[in-house]
Novice: 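What follows is a single structure, and I will ask about it in a moment.
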Amino acid sequence: MIHIAIDIGASSGRLIEGTIDNGKIKLNEIHRFPNKFNQKGKYACWDIHYLLKEILTGLQIAKQKGISSCTVGIDTWAVDYALIDADGNLLQDIISYRDHRTDGIMEKVFNAISKEDIYKKTGLQFLSFNTLFQLFVEDKTLLGKTDKILLVPDYLNYCLTNKLTAEITNASTTQLLNIKTRNYDSELLDLIGLHQNQFPELIEPGTIIGPLLKDKFPSYNLPDCTVIAVGSHDTASAVLGVPATEGNWAYLSSGTWSLLGVELEHPVVTNESLEENYTNEYGAFQTYRFLKNIMGLWVIQEVKRLLPNDLDFAELVSEAQSVTPFKQFINFNDDRFLNPINMIEEIKEYCRELNQPIPETIPEIAAAIYHNLGIITAFHIDHIERIIGRPIEIVHIVGGGSNNAFLNQCISTYSQRTVWAGPSEATAIGNLLIQFLYSGSISTIQEGRKIVQESFSLSRFEPKPFNKDALFEQFIEATNLIRSDVS
């Protein structure tokens with residue numbers, strides 16, 4: 001049986017065919033396309049119709065390559081949603097989590113229900129763009145017309161199959177699920193004026209959603225497809241694709257965002273995890289992703305967008321390495337870096353406000369970004385280790401950022417831990433592992449991870465001698481933070 005992972009991130013999407021041949025996973029990229037949000041009126045929106053068109057184009061290419069039947073699974077980013085009416089029509093464009101409409105909204109919500117109570121209910125970290133806060137500010141007239149609310153991958157699955165479902169790994173990012181019942185929390189729904197019947201049935205990864213309805217798309221020559229629910233939150237799939245089989249390990253899914261955490265059998269909902277703003281998202285097979293959302297390569301992506309087109313990321317890394325580090329300490333998790341008008345000017349203004357040397361040249365800006373991302377990541381590895389009460393000895397970096405050897409070495413040295421980097425396509429691989437399980441190609445996820453380990457070239461980074469505690473104190477002092485503010 002042929003399997004296709006449809007993996008769509010905030011900056012690009014891809015359709016990847018996956019097979020297991022002689023005990024190794026073979027990947028074949030079928031189609032790749034860019035993705036971004038655009039300003040439409042007063043909101044920053046995703047073009048969901050474009051994404052659907054690219055999925056269909058990719059499946060048509062698969063058919064042209066001789067794939068007459070297959071399974072497919074879709075994963076995307078989290079929290080953003082589609083509002084559809086009783087006839088299945090989209091009521092408005094899907095607004096991006098980077099839109100500024102939720103700025104300052106968390107405090108208004110906390111006036112109605114305390115931060116502590118929300119955390120006890122959900123176990124989820126507080127980010128201003130969580131679905132809870134987006135729906136709190138949503139147009140109430142539109143919500144009144146809404147029959148179902150679907151997260152992005154669920155909406156794309158609906159477009160293909162006409163089946164209304166809510167895959168649970170992604171649903172857990174909404175801050176609407178009660179972590180004890182693993183279902184929607186009635187008090188939080190009341191807060192935003194919604195009812196549970198406005199959300200689809202929750203399903204687990206591995207559930208068959210249904211066949212692709214080819215008759216809906218007569219202008220495309222499509223293969224026969226069975227759509228399967230995978231870890232539809234891309235981080236859930238990325239964690240499944242981590243090539244870890246033993247030892248005390250953490251993962252870093254490194255891309256536009258950096259998702260740093262550990263895989264646990266039980267959630268951690270304590271005063272300390274609340275204070276440090278850690279999250280408990282659901283993983284596949286009743287696991288929990290205890291993790292921290294850290295600003296990732298979005299910062300350097302935005303800087304590059306403002307530079308001449310002939311300057312690539314490899315050149316930015318090379319130039320960053322030529323700069324003496326630690327001239328600037330920048331907390332990139334500050335909301336001001338979420339979607340500034342001009343990232344370069346925002347970085348300079350931040351340094352100006354904190355009386356730090358202002359990075360003027362492109363090498364200085366790139367160095368400030370990479371070194372500070374490394375510091376913040378290392379800082380939170382120590383935090384997680386302390387909260388879960390067991391050591392973290394190895395960090396597995398997967399995703400596109402795993403190709404950045406300079407950043408990987410910074411994380412290894414600043415955390416004083418061994419880093420294994422790769423595979424870069426861990427999200428697509430984790431997506432495919434669920435499909436392999438469905439077809440019987442593998443029997444357990446542990447078996448799948450062992451095959452991942454043997455199928456892809458991994459890079460090892462060992463820490464150089466370094467006083468990480470002194471570096472952390474410098475960072476905290478320079479950014480005017482207390483330890484619990486590095487969030």
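Atoms considered below: every heavy atom in the structure, side chains included; atoms not considered: hydrogens, waters and symmetry mates.
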Novice: Step by step, would you call Leu164 with Ile84 a side chain to side chain contact (heavy atoms under 4.5 Å, CB included)?
Specialist: CA-CA 11 Å; Leu164 294 164; Ile84 63 172; 3.8 Å; yes
Novice: Backbone N or O of Pro243 within a donor-acceptor pair of the Gln453 side chain at under 3.5 Å?
Specialist: yes
Novice: Can you give me the closest heavy-atom contact between Trp77 and Pro153, atom names plus distance?
Specialist: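 Heavy atoms of Trp77 and Pro153 come nearest at O-CD, 4.2 Å.
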Novice: Ring-plane angle category for Phe133 and Phe110, please: parallel below 30°, perpendicular beyond 60°, tilted otherwise.
Specialist: perpendicular
Novice: Keeping Thr146 on the side-chain end and Leu142 on the backbone end, is there a donor-acceptor pair under 3.5 Å?
Specialist: yes
Novice: Give the minimum heavy-atom separation between Ile203 and Ala229, together with the two atoms involved.
Specialist: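 Shortest heavy-atom contact: CD1-CB, 3.7 Å.
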Novice: Between Gln175 and Val79, is the side chain to side chain contact (heavy atoms under 4.5 Å, CB included) condition met? List the steps.
Specialist: CA-CA 9 Å; Gln175 210 157 39; Val79 304; over 6 Å; no
Novice: Under a 3.5 Å cutoff, is there a donor and acceptor pairing between the side chains of Tyr43 and Gln92?
Specialist: no
Novice: Is a side-chain N or O of Thr207 found less than 3.5 angstrom from the main chain of Glu204, in a donor-acceptor match?
Specialist: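 Answer holds: yes.
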Novice: Taking all non-hydrogen atoms of both residues, which atom of Ile168 and which atom of Pro205 are closest, and how far apart?
Specialist: CG2-CD, 4.3 Å
Novice: Main chain of Arg14, side chain of Asp7: is a donor-acceptor contact present, judged purely on distance under 3.5 Å?
Specialist: no
Novice: If we ignore angles and hydrogens, is there a donor and acceptor under 3.5 Å between the side chains of His3 and Ser439?
Specialist: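 There is such a pair between these side chains.
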Novice: Heavy-atom count check: over 12 atoms from other residues, nucleotides or ligands less than 6.0 Å from Lys163 NZ?
Specialist: no
Novice: Go through it in stages, so that I can follow the logic: the residues are Asp75 and Asn431, the test is side-chain hydrogen bond (donor to acceptor under 3.5 Å, both in side chains), and I'd like the CA-CA distance, side-chain angles, deciding distance and then a yes or no.
Specialist: CA-CA 7 Å; Asp75 68 77; Asn431 178 320; 3.0 Å; yes
Novice: Would you sort out whether Met1 and Tyr438 count as a side chain to side chain contact (heavy atoms under 4.5 Å, CB included), showing the intermediate values?
Specialist: CA-CA 10 Å; Met1 183 175 290; Tyr438 162 78; 4.0 Å; yes
Novice: With no hydrogens and no angle check, do the side chains of Glu302 and Asn339 hold a donor and an acceptor under 3.5 Å apart?
Specialist: no
Novice: Hey, are Glu17 and Lys65 close enough for a salt bridge, meaning a charged N less than 4.0 Å from a carboxylate O?
Specialist: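 No, Glu17 and Lys65 are not salt-bridged.
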Novice: Between Thr418 and Glu462 (side chain of the first, backbone of the second, donor and acceptor by atom type, cut-off under 3.5 Å), is there such a pair?
Specialist: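 Checked: no pair found.
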Novice: If you take all heavy atoms of His233 and Glu167, which pair is closest and at what distance?
Specialist: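 His233 and Glu167 have their closest heavy atoms at N-OE1, 3.9 Å.
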Novice: State whether the number of non-hydrogen atoms from other residues, nucleotides or ligands found under 6.0 Å of Lys24 atom NZ is greater than 12.
Specialist: no
Novice: Between Arg32 and Glu425, is there a side-chain N and carboxylate O pair less than 4.0 Å apart?
Specialist: yes
Novice: Tell me if the NZ atom of Lys120 is crowded by more than 12 foreign heavy atoms within 6.0 Å.
Specialist: no
Novice: Tell me, with the steps shown, if Asn404 and Phe313 meet side chain to side chain contact (heavy atoms under 4.5 Å, CB included).
Specialist: CA-CA 9 Å; Asn404 190 325; Phe313 286 114; over 6 Å; no
Novice: I would like to know whether Asp185 and Lys121 meet salt bridge (Lys or Arg N to Asp or Glu O under 4.0 Å); could you show each step before the answer?
Specialist: CA-CA 8 Å; Asp185 185 271; Lys121 285 174 174 291; 3.2 Å; yes
Novice: Quick one: pull up CD1 in Ile392 and CD1 in Ile384 and give me the separation to the nearest 0.5 Å.
Specialist: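 Taking CD1 in Ile392 and CD1 in Ile384, the distance rounds to 5.5 Å.
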Novice: Would you please indicate if the ring centroids of Phe290 and His266 are separated by under 6.0 Å?
Specialist: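 They do not qualify: ring centres at least 6.0 Å apart.
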Novice: Would one find more than 12 heavy atoms of other residues, nucleotides or ligands at under 6.0 Å from atom CD of Gln39?
Specialist: yes
Novice: Do Asn130 side-chain atoms and Leu132 backbone N/O form a donor-acceptor pair below 3.5 Å?
Specialist: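 No, the answer is negative, given that no donor and acceptor are paired below the 3.5 Å cut-off.
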Novice: Hey, are Glu275 and Asn271 close enough side-chain-wise for a donor-acceptor pair under 3.5 Å?
Specialist: no
Novice: Under 3.5 Å, is there a donor on one side chain and an acceptor on the other for Lys216 and Asn162?
Specialist: yes
Novice: Run the salt-bridge test on Glu447 and Lys450 with the 4.0 Å N-O cut-off and return the result as yes or no.
Specialist: no
Novice: Distance only, no hydrogens: is a donor on one side chain within 3.5 Å (strictly under) of an acceptor on the other, for Asn183 and Gln196?
Specialist: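 The answer is yes; a qualifying pair exists.
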Novice: Are the side chain of Asn372 and the backbone of Ile330 linked by a donor-acceptor contact shorter than 3.5 Å?
Specialist: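 Answer holds: yes.
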Novice: Restricting to non-hydrogen atoms, name the atom on Ser69 and the atom on Pro223 that form the minimum distance, rounded to 0.1 Å.
Specialist: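 In this case the closest contact between Ser69 and Pro223 is N-CB, 4.2 Å.
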Novice: What I'd like to find out is whether the side chain of Met343 reaches to under 4.5 Å of the side chain of Gln301, using heavy atoms alone.
Specialist: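 When only atoms from C-beta onward are counted, Gln301 and Met343 do not touch, as no gap falls below 4.5 Å.
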Novice: Using only heavy-atom distances, determine whether the side chains of His383 and Tyr278 contain a donor-acceptor pair under 3.5 Å.
Specialist: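 There is such a pair (donor and acceptor under 3.5 Å, judged by atom type) between the side chains of His383 and Tyr278.
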Novice: Taking it one step at a time, do Tyr119 and Ser273 satisfy side-chain hydrogen bond (donor to acceptor under 3.5 Å, both in side chains)?
Specialist: CA-CA 9 Å; Tyr119 192 77; Ser273 65; 2.9 Å; yes
Novice: So, does Asn248 use its side chain to make a donor-acceptor pair with the main chain of Glu393 at under 3.5 Å?
Specialist: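 Pair absent, no side-chain N/O of Asn248 close to backbone of Glu393.
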Novice: Cation-pi between Arg98 and Phe37: NZ/CZ under 6.0 Å from ring centre and within 45° of the ring axis?
Specialist: no
Novice: I need the minimum non-hydrogen distance between Ala236 and Arg289, along with the two atoms involved.
Specialist: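 Residues Ala236 and Arg289, closest heavy atoms: CB-NH1, 3.2 Å.
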Novice: Is the distance between the ring centroids of Phe129 and Trp257 less than 6.0 Å?
Specialist: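 Ring centres of Trp257 and Phe129 closer than 6.0 Å.
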Novice: Side chain of Asp99, backbone of Cys45: donor and acceptor closer than 3.5 Å?
Specialist: no
